[in-house]
Amino acid sequence: MKMQKVHGSGNDFFILDQQDLDSNLTEEQLRELTKKVCDRTNGLHGGADGILYVQEGHKDTDGRMRVINADGSEASMCGNGIRTVARYLSEKKNLNNFKIQTMYADLQVKKSDDLANGVQAYDAEISPVSFNAADLGMNIGQDKLIDGKIEKLSPTLKFSAVAVPNPHLIAFVNKEVLEGDTLGEIASYLNDGKNEIFPDGVNVSFVHILDDKKIFVRTFERGVGYTNACGTAMSASSLMYHMLYSDQVALEEKITVINPGGMVNTIVHKNQDGNYWMSLIGNATVVANVEINQEKALAGNFAGYSWDETGEQEKYEKFINTIKE
Ligand SMILES: N[C@@H](CCC[C@H](N)C(=O)O)C(=O)O
């Protein structure tokens, strides 16, 4: 069974095309395979943040992406991942500008200019956007939360909750809080499977404004934990940056988003019916082409797997070093 090891901003995944399966997978087997392959300790070549499962899409699209988190839970969307799936389908079907079917929307994707030599980039639509508690799976006694307190979580921090369409809880913080333990403490509680605020969990991000139109986003993801980056979180954070700091960034203006794994650019749009959507532009790096035995992998046995590196990771790291200078 073939797979690709990929990443967007260091948020890493295995792309698994249903057409490359040795035999069909049940839903339970897909979840179990993901947990085994992505395990950071005993998984495949250092594991991953999840599996991006690629299937044929319905007639208005050129493919379908399902997002399986490292813990086996399924998410409605993956911003870093859809850029890598866009590249995979672009190269498989010789496309440049097309739509990918996701759980709640068919999303436009297109190839973007390379970020540097050997660092390919794609532009992905992030939508739909909702602030409604029902769409967020949020129970706080009110329908929306925009720059408001949740006393049970923090006496001081102010949060915004937005679904893009997966759920995100976002707070703007200073550098000290950004780098501290509070994010992990709050996110671990909200993803414990028992709390009443987000019973289905939520991706939690702390955002620090670095400069005009430049932010740093650190994310603890539902179903994964801390990741190098979360594309939907960076998009949601960009939207809240525009809404709460509109003097710094207007609609249609490019925002530079830095994260522990690299960077992306985002643009916040508002369409004629008043709904927001974002463009998420960033790398789509193929680290290696992989071959494993599917039956053995389901048992967590990766003996004899092949790992054929593309050389792109070295070029990505060289690019990132120029960003961090
Ligand atoms: N890292 C992804 C988001 C993956 C799903 C998320 N953990 C969730 O459960 O909603 C991204 O780049 O958006």
Side-chain angles (χ1 to χ4, degrees), residues 5-15 30-31 34-35 38 40 47-54 65-88 100 102-105 107 109 121-130 135-138 161-170 183-184 187-188 190-193 198-205 207 217-240 257-266 277-285:
K5 181 66 185 297
V6 298
H7 74 77
S9 289
N11 188 199
D12 63 337
F13 304 95
F14 287 99
I15 288 180
L30 176 58
R31 280 192 292 275
T34 303
K35 289 193 282 187
C38 295
R40 289 296 186 188
D49 292 333
I51 277 188
L52 304 170
Y53 192 46
V54 175
M65 175 185 77
R66 291 178 61 188
V67 183
I68 316 297
N69 285 317
D71 72 348
S73 63
E74 182 163 5
S76 55
M77 183 45 192
C78 179
N80 287 320
I82 201 171
R83 301 199 310 273
T84 66
V85 170
R87 175 176 172 184
Y88 174 79
I100 295 177
T102 66
M103 190 181 286
Y104 294 132
L107 299 177
V109 294
Y122 279 75
D123 179 335
E125 172 192 356
I126 305 293
S127 75
V129 172
S130 171
D135 294 325
L136 282 150
M138 177 176 70
V162 56
V164 295
N166 56 339
H168 291 271
L169 187 68
I170 294 159
L183 173 58
S188 297
L190 292 177
N191 289 288
D192 67 0
F198 284 95
D200 295 332
V202 62
N203 302 285
V204 187
S205 296
V207 185
V217 179
R218 185 187 182 204
T219 303
F220 186 110
E221 286 195 42
R222 175 179 66 172
V224 192
Y226 280 117
T227 57
N228 281 320
C230 178
T232 48
M234 293 188 283
S235 302
S237 299
S238 298
L239 172 58
M240 296 322 303
V257 185
I258 309 296
N259 52 67
M263 60 79 66
V264 295
N265 286 314
T266 58
W277 62 280
M278 286 72 77
S279 296
L280 175 67
I281 306 122
N283 76 298
T285 295

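The chain is numbered in sequence order, starting from 1. Just follow the structure's listing: the first ligand is 1, and inside any ligand the first atom is 1.
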Taking side chain to side chain contact (heavy atoms under 4.5 Å, CB included) as the criterion, tell me which of Ser279, Ser9, Ser235 meets it with Val264. Ser9
Would you say [X] and [Y] make side-chain contact, with heavy atoms under 4.5 Å?
| X | Y | answer |
| --- | --- | --- |
| Met234 | Asn80 | yes |
| Val6 | Arg87 | no |
| Met278 | Leu239 | yes |
| Phe13 | Val85 | no |
| Met65 | Leu107 | no |
| Val109 | Tyr122 | no |

Structural part of Asn203 in contact with ligand 1, heavy atom criterion under 4.0 angstrom: side chain
Counting heavy atoms under 4.0 Å, the part of Asn69 that contacts ligand 1 is side chain
Against heavy atoms of [X], which atoms of ligand 1 measure under 4.0 Å?
| X | value |
| --- | --- |
| Met77 | 3 (C), 4 (C), 5 (C) |
| Thr232 | 3 (C), 11 (C), 12 (O), 13 (O) |
| Asn11 | 1 (N), 2 (C), 11 (C), 12 (O) |
| Asn80 | 11 (C), 12 (O) |
| Ala75 | 5 (C), 8 (C), 9 (O), 10 (O) |
| Gly231 | 11 (C), 12 (O), 13 (O) |

Under a heavy-atom criterion of less than 4.0 Å, does Cys230 contact ligand 1? yes
Within the distance-only criterion (no hydrogens, no angle test), does the side chain of Asp71 pair as donor or acceptor with the backbone N or O of Ser73 below 3.5 angstrom? yes
Between the candidates Ser73, Cys78, Gly201, Pro165, which shows the shortest non-hydrogen contact distance to atom 2 (C) of ligand 1? Cys78
Measure the distance from atom 4 (C) of ligand 1 to every protein heavy atom, then report the residue, atom name and distance (to 0.1 Å) of the closest one. Glu221 OE1, 3.3 Å
